[in-house]
Amino acid sequence: MLRTEEMLLNVGPQHPSTHGVFRLVITIDGETITEAKPVVGYLHRGTEKLAEDLTYTQIVPYTDRMDYLSAMTNNYIVVHAAETLMEVELPERAEFLRVIVMELNRIASHLVWFGTYLLDIGAMSPFLLAFREREQILDLFNDLCGARLTYNYMRIGGVKWDVPEGWLDQVRAFISNMREKLKEYEDLVAGNEIFLNRTRGIGVYSADEAIDYGLSGVNLRAAGVDWDLRRDRPYSVYDRFEFDVPVGKNGDLYDKFTCRMEEIRQSLRIVEQAVDQFPEGPVMAKVPRVIRVPEGEAYVQMESPRGELGCYLVSRGKDKPYRLKFRRPSFYNLQILPRLLKGENVANLVAILGGIDIVLGEVDA
Amino acid sequence: MQAWMWLGPVIMLFVVLGFVTLAILFERKVIGWMQSRIGPNRVGPWGLFQTVADVLKLLLKEDIVPQKADETLFKLAPVIAFVPAFAVVAVLPFTDSLVFADIGVGLLYFIAISSITTIGILAGGWASNNKYALIGAMRSAAQMISYEIPLVMALVGVIMAAGTLNLSGIVEAQKEMWFIVPQFIGFVVFFIASLAELNRTPFDLPEAESELVAGYHVEYSGFRFAFFMLAEYVYVFAMSALTTVLFLGGWNPLFGFTFLPPLIWFLLKFSLIVFTLIWIRATLPRIRVDQLMQLGWKVLLPLALFNIFLSALLKEIPGIGSYY
């Protein structure tokens with residue numbers, strides 16, 4: 001046997017496939033990874049600490065910047081935490097609007113994942129196709145709240161803006177268009193031999209391991225754990241809609257792909273039902289001008305596109321939180337990476353990292 | 001005759017450079033259309049001067065040699081990669097009269113010279129003293145060994161059928177029937193192997209940007225980088241022309257449509273191959289490095305050997321034997 005020497009390779013923080021400023025220190029023997037050490041924190045802005053000096057309304061734009069691919073769900077978790085403590089009764093129309101925008105945002109987020117993931121494993125076109133459809137969602141959001149990425153849309157007691165005229169019809173048109181395009185994506189990618197070879201049986205972990213590592217969202221479901229907070233611990237008005245939770249079998253990259261594609265379909269179903277049942281009425285509840293959350297603690301959780309997004313809020317009865325803690329799914333899902341990368345090929349590195357679907361704004365908060 | 005000796009190559013150089021300029025624009029346009037974009041359209045009418053502007057930008061850039069690089073080798077590598085790319089163009093017959101060096105072993109010359117480029121890539125990756133560049137260069141060397149062999153083996157069938165290594169002779173042998181029909185297996189193996197030789201998608205591992213940032217040329221900038229890129233596109237030109245000559249009957253017209261001049265026929269077939277290369281790039285993901293080796297050794301090589309056996313066998317059968 002030839003004596004080989006190990007090489008230390010620094011992947012990132014400036015590397016095209018680390019999806020932001022993620023750094024990974026790997027030791028490689030030829031092209032095989034013997035050890036991988038993730039280094040996070042390059043995008044740390046201290047959101048949780050900053051929140052202690054901000055009023056509740058002021059915190060909302062900060063949450064936009066955590067998981068910037070799905071700002072609506074981040075908006076929701078912080079207002080949801082405050083509303084839980086305040087016991088506000090929300091108008092129906094606000095709840096429906098929240099569900100519609102959150103599900104649309106889930107679709108947009110999964111589309112970004114689909115595009116960048118295929119880009120990671122070397123296919124260029126799906127990226128642009130996915131962004132073409134995502135653009136329609138961003139346009140819808142732009143019409144609704146005047147922003148394309150950082151929406152700052154939700155308020156304690158409801159949402160900031162009511163729907164503009166004709167918006168719901170545009171959403172309907174988007175749903176039917178998106179369903180067609182999904183078929184196109186699957187034609188292009190799902191049956192491709194190279195794609196299958198690169199994703200089947202790669203980055204496998206069992207259901208037990210997934211639970212041990214505290215994974216959530218698609219990363220958990222791909223391994224075969226049937227768990228979705230929208231269905232199992234319903235919040236907002238999710239209990240009124242019918243939808244399936246796609247679950248994988250093998251916990252490999254291909255299952256993650258199929259789960260996410262199916263989730264887009266299910267989100268479209270939810271949006272369709274919500275648009276059909278859309279009620280009349282106000283979009284804001286009667287809340288005081290200066291919001292003071294009564295003394296107490298609350299932990300709320302929800303299913304963000306990346307997994308269980310949680311918010312732990314401690315209030316001392318002031319207009320600012322005493323302590324705010326986010327359970328950020330990307331950060332928790334990332335913990336399994338060193339275990340997955342050990343013994344893998346360098347070419348699989350980007351595929352496995354991409355499969356976890358991290359957003360660095362959320363990992364570093 | 002004397003004037004042609006030096007004027008011809010100079011003209012050819014400009015033809016090839018012109019092709020490279022247009023091919024890069026064409027590639028960006030076609031891929032743009034396939035991805036519902038417009039493609040470059042700002043510089044000049046229809047974006048025609050986009051590549052010219054890009055090349056000028058590269059020429060104006062600061063010439064950077066990394067401090068810890070092997071300076072001599074670092075500067076030499078782009079030249080080693082680039083010169084063979086032009087050298088192979090000499091033997092390509094575009095029509096029966098338009099060929100610069102009508103040498104007896106043209107095909108062998110092409111294959112042998114084109115292999116030298118890999119040494120340039122390997123040297124560039126090594127001399128850069130960069131880990132990503134090194135991995136890219138190593139991949140390139142492994143890829144060359146794995147794919148040169150099936151590539152040459154796939155050509156044996158053509159050589160057997162034509163009975164010559166001279167490229168003009170091979171085209172002449174296709175007067176009746178293009179080799180793509182009797183040598184179909186050979187064509188498929190050759191085409192896949194040539195994609196790998198060209199380092200193009202789905203075999204663009206040496207410069208896999210999502211894994212190795214840019215691969216072997218990660219430390220190169222300015223005109224040295226331009227040389228690597230130029231070499232790559234000249235190979236696209238040469239390989240497409242070679243495919244046309246070997247399998248698509250070169251300048252021979254289809255269905256006896258002789259009213260089009262032979263050069264036009266050649267260009268049509270040639271453009272079809274170039275378009276196919278671009279099309280593949282817009283469609284397929286990248287294959288993984290170990291799967292690449294498996295495909296080369298376990299699939300393409302046996303197929304190529306089988307093709308030789310089949311061609312030899314069919315050659316002896318009366319009736320269809322004349323096509324082999």
Side-chain angles (χ1 to χ4, degrees), chain A residues 6-12 14-19 26-28 30-33 115-133 135 181 184 187-190 192-202 253 257 344-354, chain B residues 27-28 30-39 125-126 129-143 192 195-196 199-215 218 278-295 298-299:
Chain A
E6 290 189 336
M7 183 163 86
L8 195 75
L9 187 65
N10 188 26
V11 183
Q14 290 148 340
H15 184 283
S17 294
T18 53
H19 297 249
I26 56 173
T27 319
I28 51 175
E31 286 222 21
T32 313
I33 300 168
T116 52
Y117 188 65
L118 267 292
L119 198 63
D120 281 349
I121 61 175
M124 196 172 25
S125 299
F127 177 73
L128 288 133
L129 299 182
F131 268 60
R132 181 182 63 191
E133 267 66 70
E135 190 66 20
K181 297 293 188 218
E184 192 182 310
D187 283 348
L188 184 63
V189 174
N192 188 304
E193 197 65 31
I194 299 175
F195 178 73
L196 293 180
N197 276 331
R198 292 215 52 183
T199 51
R200 281 237 172 107
I202 309 289
L253 296 172
F257 169 77
E344 283 291 350
N345 192 302
V346 177
N348 281 342
L349 183 152
V350 285
I352 292 173
L353 176 64
Chain B
E27 174 160 30
R28 292 176 65 176
V30 170
I31 290 183
W33 293 330
M34 286 180 179
Q35 297 171 341
S36 59
R37 294 185 286 122
I38 300 168
W126 174 261
N129 204 358
N130 178 304
K131 289 168 182 173
Y132 288 114
L134 185 64
I135 297 175
M138 290 302 172
R139 281 184 176 187
S140 177
Q143 196 167 318
I192 296 174
L195 276 176
N199 289 341
R200 284 185 69 87
T201 317
F203 305 104
D204 55 346
L205 296 143
E207 45 190 292
E209 75 238 18
S210 59
E211 297 156 22
L212 302 178
V213 190
V218 66
I278 296 172
W279 188 10
I280 288 172
R281 185 171 167 201
T283 316
L284 292 179
R286 185 182 306 121
I287 201 164
R288 210 173 63 212
V289 64
D290 52 320
Q291 291 163 351
L292 174 97
M293 298 300 154
Q294 281 182 16
L295 181 70
K298 292 187 182 167
V299 181

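First the proteins, then the strands, lettered A, B, ... as listed; each starts at 1.
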(request) Pick one of side chain, backbone, both or neither for Asn192(A), based on which atoms fall under 4.5 Å of a heavy atom in chain B. (result) side chain
(request) Would you mind telling me which of Asn10(A), Asn197(A), Leu349(A) has the largest number of heavy-atom pairs within less than 4.5 Å of chain B? (result) Asn197(A)
(message) Report which part of Leu188(A) has an atom under 4.5 Å of a heavy atom belonging to chain B: side chain, backbone, both, or neither.
(response) side chain
(request) Counting only heavy atoms closer than 4.5 Å, note whether Ile28(A) contacts chain B via side chain, backbone, both or neither. (result) side chain
(request) Mind checking side chain to side chain donor-acceptor pair (under 3.5 Å) for Asn129(B) and listing every partner two or more places apart, or none if nothing turns up? (result) none
(message) Quick one, Lys181(A) and Glu184(A) - any side-chain contact, counting heavy atoms below 4.5 Å?
(response) yes
(request) Could you list the residues that satisfy side chain to side chain donor-acceptor pair (under 3.5 Å) with Glu344(A), not counting sequence neighbours? (result) Asn348(A)
(message) So Val11(A) and Leu353(A), do their side chains get closer than 4.5 Å, heavy atoms only?
(response) no
